[in-house]
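Report on the following structure.
Basis for what follows: all heavy atoms, side chains included, without hydrogens, waters or symmetry-related copies.
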Amino acid sequence: MINKHVKSVTQAVADISDGAVIMIGGFGEAGSPIELIHALIDLGAKNLTIINNNTGNGEVGLAALIGTGQVKKMICSYPRSSHSKVFPELYRAGKIELEIVPQGTLAERIRAGGAGIPAFYTATTVGTPLSEDKEIRNIKGRDYVLEYALKADFALIKCEKADLMGNLTYNKTARNFNPIMCMAATTTIVQAHKIVPTGDIDPEHVITPNIFVNRVVEVSDPLIESKLIAEGISYP
Amino acid sequence: MINKHVKSVTQAVADISDGAVIMIGGFGEAGSPIELIHALIDLGAKNLTIINNNTGNGEVGLAALIGTGQVKKMICSYPRSSHSKVFPELYRAGKIELEIVPQGTLAERIRAGGAGIPAFYTATTVGTPLSEDKEIRNIKGRDYVLEYALKADFALIKCEKADLMGNLTYNKTARNFNPIMCMAATTTIVQAHKIVPTGDIDPEHVITPNIFVNRVVEVSDPLIESKLIAEGISYP
Amino acid sequence: MSDKVKDIKGWTREQMAELCAQDIPDGSYVNLGIGIPELVAKFVPKGREFIYHTENGLLGMGPSPKAGQEDPELINAGKKAVTALSGASYFHHGDSFAMIRGGHIDVCVLGAMQVSETGDLANWSTGEPDAIPAVGGAMDLVAGVKTIFVITQHITKDGAAKLVEKCSYPLTGQKVVTRIYTDLAIVEVTPEGFRLRALAPGVDFDEVAAKTDAPLLPMM
Amino acid sequence: MSDKVKDIKGWTREQMAELCAQDIPDGSYVNLGIGIPELVAKFVPKGREFIYHTENGLLGMGPSPKAGQEDPELINAGKKAVTALSGASYFHHGDSFAMIRGGHIDVCVLGAMQVSETGDLANWSTGEPDAIPAVGGAMDLVAGVKTIFVITQHITKDGAAKLVEKCSYPLTGQKVVTRIYTDLAIVEVTPEGFRLRALAPGVDFDEVAAKTDAPLLPMM
C-alpha cells in the first residue's frame with residue numbers, strides 16, 4: 001500500500017535547498033504549518049522565495065523564518081502585522097524583496113499554477129498602481145489585467161486529518177490557501193493534526209486528493225502562534 | 001430563515017424563456033437532472049443554447065429535449081452516443097448548431113465563468129484543428145490557446161442532498177460538472193435527491209455553498225436514464 | 001430616537017452602520033470590511049437576513065464567540081475569532097475569491113481614505129515612499145462585488161476632505177463606489193457626480209458641500 | 001510463456017497491455033483511455049501499485065463491480081460502472097482537469113489512429129466531412145499528462161500504416177507520444193524519429209520497418 005508517512009518534520013523538509021520557492025499555507029495563524037516552518041529554520045536553507053498571504057506574527061513561525069535572513073523575497077498580499085516588526089525592519093533596510101499581490105489574484109495565480117493555466121485575465125487592479133506595468137486587455141467592453149501562474153518547488157501545509165496515501169481534510173478557516181498550494185508545488189509536505197489509516201476518510205469528504213501530496217507527518221499537538229506570542233516566545 | 005425550496009419541477013423552471021443559455025449538469029446519465037429537463041420540455045421554451053458534456057442518450061432527458069427541436073445550439077465535448085440518433089440526425093440535417101470544446105477546456109471555461117475570469121490560456125488544442133481560428137500565445141517557451149469564459153442564464157443541476165438555504169452535496173461521480181455549473185449561471189435550479197433542514201449538512205462537507213444556488217426542488221425517486229432506455233421509453 | 005439626541009450634530013459610527021444596513025436587501029450576501037463596516041452586522045433590520053462572507057473561506061459567518069470560546073482556526077479576514085451559523089460552509093481561498101471575483105457577493109461595505117465623484121476608491125495606501133504596501137483583498141472586492149458601499153468620516157482628523165474630485169492617494173479601484181455613509185450625510189455617486197441623499201441631524205447642505213472637495217448636487 | 005506460443009506471431013491485445021504496464025513505475029497516477037488501454041489495469045506488475053484517475057471525477061478507481069452491483073452514479077469516463085478503492089476521492093470536473101492539465105497525472109495510455117515520428121497523435125476524428133466531431137478529454141490528456149503511451153495495432157484493418165511521417169488525420173496533440181506498443185513491436189519516439197525497442201515473437205526488424213510509413217531506427 002502506498003504510504004507517504006514520514007516520521008519527523010526534520011525528515012520531511014530535509015531536501016529543501018538554497019534558492020527554493022516555497023508556498024506556505026495559512027492565513028495568519030490559522031492553518032499555518034508552524035512546526036514545518038521551524039524545521040526549515042533548523043535546516044537553514046537560504047535565499048528562499050516564500051509565498052504566503054502575510055509575513056508572520058511575533059517572532060515565531062513565518063516571522064521567525066524571515067527574521068533569520070533565510071528569505072530573499074516575499075510574495076504576499078498583506079505584509080503588515082500588529083504583532084511583528086520583523087518584516088518591516090528588513091524591508092526598510094532593503095534586505096528583503098516584496099512582490100505585493102492582491103489576495104484574490106494571489107489565490108488564483110496559485111490555483112492556476114496547480115491547474116496548468118499559465119496565465120489568465122482579471123479585473124482586479126485595473127486602474128490602480130498594481131497594474132501599471134502589466135498588460136491590459138479589453139474583453140467585451142471591460143478592461144482586465146493579464147496575470148501569470150505561480151508555482152513552487154515545495155509547499156508546506158497544515159491539515160486536520162491525513163491518511164497514509166495523502167488524502168487531506170482541514171479544520172474550519174484553517175483550510176484557506178492550503179488546498180490550492182498543495183496543487184501548485186512540485187513537492188507538497190503536510191503536517192497533519194492526525195494521521196489515519198487509508199480508507200478512514202470518506203471519499204466524498206476529501207478536500208485535497210492524494211495526487212497533490214508527497215509527504216505527511218503527524219504533529220498531534222501543534223504550537224499555537226497567538227499563545228506563543230502572548231507568552232513572548234521567539235524561535236529558535 | 002432563508003428558504004429556497006420550491007414545490008415542483010414545473011415551478012422551478014417556469015421562468016426559462018426562449019433563447020436562454022442553459023448549462024445542464026451530468027456526465028452521461030450520472031448527475032443528469034432528468035426531471036428538470038423533462039419539465040423544460042413541458043414548458044416548451046425554444047431556441048435554447050445547451051451546455052453539457054454530451055448530447056443525451058436514447059429518447060429521454062437531454063436527448064428528448066434536443067429531439068423536440070427546442071435546442072438551437074449545443075456546446076459539448078462529445079456529441080456521440082451509442083444509444084441515441086437524435087443529435088446526429090438533426091446535426092446532419094443542419095437543424096442544430098454545434099460548438100465542440102475539449103472536456104477539460106469546457107470545464108475550465110465554465111469554472112472561469114463562475115470565478116470572474118473572462119479568459120485564460122491553455123495548452124489544450126494547440127496544433128490541432130480546434131485552435132485554428134484562435135489566438136496563440138507563447139508563454140515561457142510553450143504555445144497556449146486563449147479561451148473565453150462560459151456563462152449561462154440558467155443551470156439545471158442534480159445533487160444528492162440540499163438544505164433549505166441551498167447548500168449541496170453530491171453522490172460519487174454524479175458530482176462531475178454540477179458544482180462548476182452552479183457557479184456559472186445567473187439562476188441555478190437544483191433537483192435534490194433529498195432536501196434536509198438547514199444545519200444538517202456539516203459545513204466541512206458542503207460541496208456547493210448556498211451562494212451559488214437559487215432554487216431547490218426535491219425529486220426523491222428520480223428516473224434512471226439507462227433503465228428508461230432499456231425499457232424503450234421515450235419522453236414525453 | 002429620544003429627545004436627548006436633538007442637540008447632537010451628525011451621526012455616530014453606529015448610526016452610520018445602521019443607515020447602511022437599512023439599504024441592504026433581505027437575503028443579501030454581504031462582505032464587511034475591517035473597522036466601522038463590521039458594525040453593520042449589529043443593525044440588520046427586522047425581518048431581514050444577511051449572509052456574511054469572509055474572504056478567508058467562510059460563508060455564514062456569525063458574531064464573535066464568548067470569551068474563552070475562541071478557536072484560532074475559526075477567524076475572519078481581520079483575523080479575529082468568529083463563529084459559524086447554521087447553514088455555513090468552509091472553502092479554500094481559490095473558491096472564496098471565485099465568489100468575490102465572479103460577482104456572487106451582493107454588497108461589500110468598506111472604509112475609505114478618499115472617494116472620488118466618479119466612484120474611485122482609495123483605501124489601501126497613502127503612497128508615501130516608506131510605506132509598506134499592503135492591499136489584502138480590497139482590490140478583489142471592489143472589482144468583483146456587485147455593490148460597494150463606503151462608511152467613513154466625512155473629513156479626516158486634519159480636516160481634509162475625503163470626498164474629492166480626484167483621489168490623490170493610490171486607487172483601490174476605479175468607478176466602484178455607489179454610496180457613501182458619513183457622519184454628516186449619505187452621498188450617492190451618480191453619473192453627474194456626488195448627490196446628497198440624506199442629511200444627519202443638525203447638518204445642512206451648505207456644510208456638507210463645504211466639506212466636500214467636489215461639486216455636491218442637492219437631494220432629488 | 002508456454003511452448004505453445006512459439007509459433008504465434010505478434011502480441012495479443014492482452015500482451016500489448018501487459019508490456020505497457022511493465023513500463024509504468026510503482027506509485028504512478030494513471031489515466032487509461034477507452035478500449036485496449038483499459039486492459040493495462042489487469043497487468044499491474046507484482047509489487048507495484050498504480051492509482052487510477054478517471055476524468056469524470058474519481059481518483060482511486062477500482063475494477064468493474066460484480067453483476068447486479070452497478071451504480072449508475074459511479075462510472076468511468078467511458079460511462080461504464082466501476083468501483084472506488086480504499087483511499088479514493090471524488091471531485092468535480094474543474095478539479096479533475098486541473099489534475100490533468102496541471103501535469104499531476106504521470107501516465108496516460110491511449111489508442112491511436114495515427115502516430116507521427118515526431119510524436120504527433122491523431123485519435124479523435126477521421127476528418128471526413130460528414131463525421132460528427134467528438135473529442136471528449138483526449139486533447140486535454142495529451143496536453144497535460146507527463147507521459148503519453150499509445151497501444152494500437154501496427155497497421156489498420158485495410159493494411160495502412162498507423163506509424164507515419166506525418167499524420168493525415170486531424171491531430172489530437174503535437175509531439176506528445178513517447179512510446180507505442182503495437183502487436184508487432186514496441187517503438188520509441190525519439191528526437192531522431194521512430195526507434196525499435198522490442199520485437200514481438202516471430203517478427204523481425206524488416207517487417208516492422210515495412211509496415212511503418214516513416215524511417216525506423218534499429219534497437220540501441
message = With rounding to the nearest 0.5 angstrom, report the CZ to CG distance, Phe194(C) to Leu217(C).
response = 10.5 Å

task = Starting at CG of Leu98(B), measure out to SG of Cys76(B) and round the result to the nearest 0.5 Å.
result = 5.0 Å

request  = Answer yes when Lys42(C) and Glu14(C) have at least one side-chain N-carboxylate O distance shorter than 4.0 Å, and no when they do not.
outcome  = no

message = Report which part of Leu58(C) has an atom under 4.5 Å of a heavy atom belonging to chain B: side chain, backbone, both, or neither.
response = neither

query = Where on Asn210(B) is there a heavy atom nearer than 4.5 Å to chain C: the side chain, the backbone, both, or neither?
reply = both

Contact check, side chains of Ile22(B) and Leu40(B), non-hydrogen atoms, under 4.5 Å = yes

remark   = Looking only at Arg111(B), Met1(B), Lys151(B), the option with the highest number of non-hydrogen pairs under 4.5 Å against chain C is Met1(B)

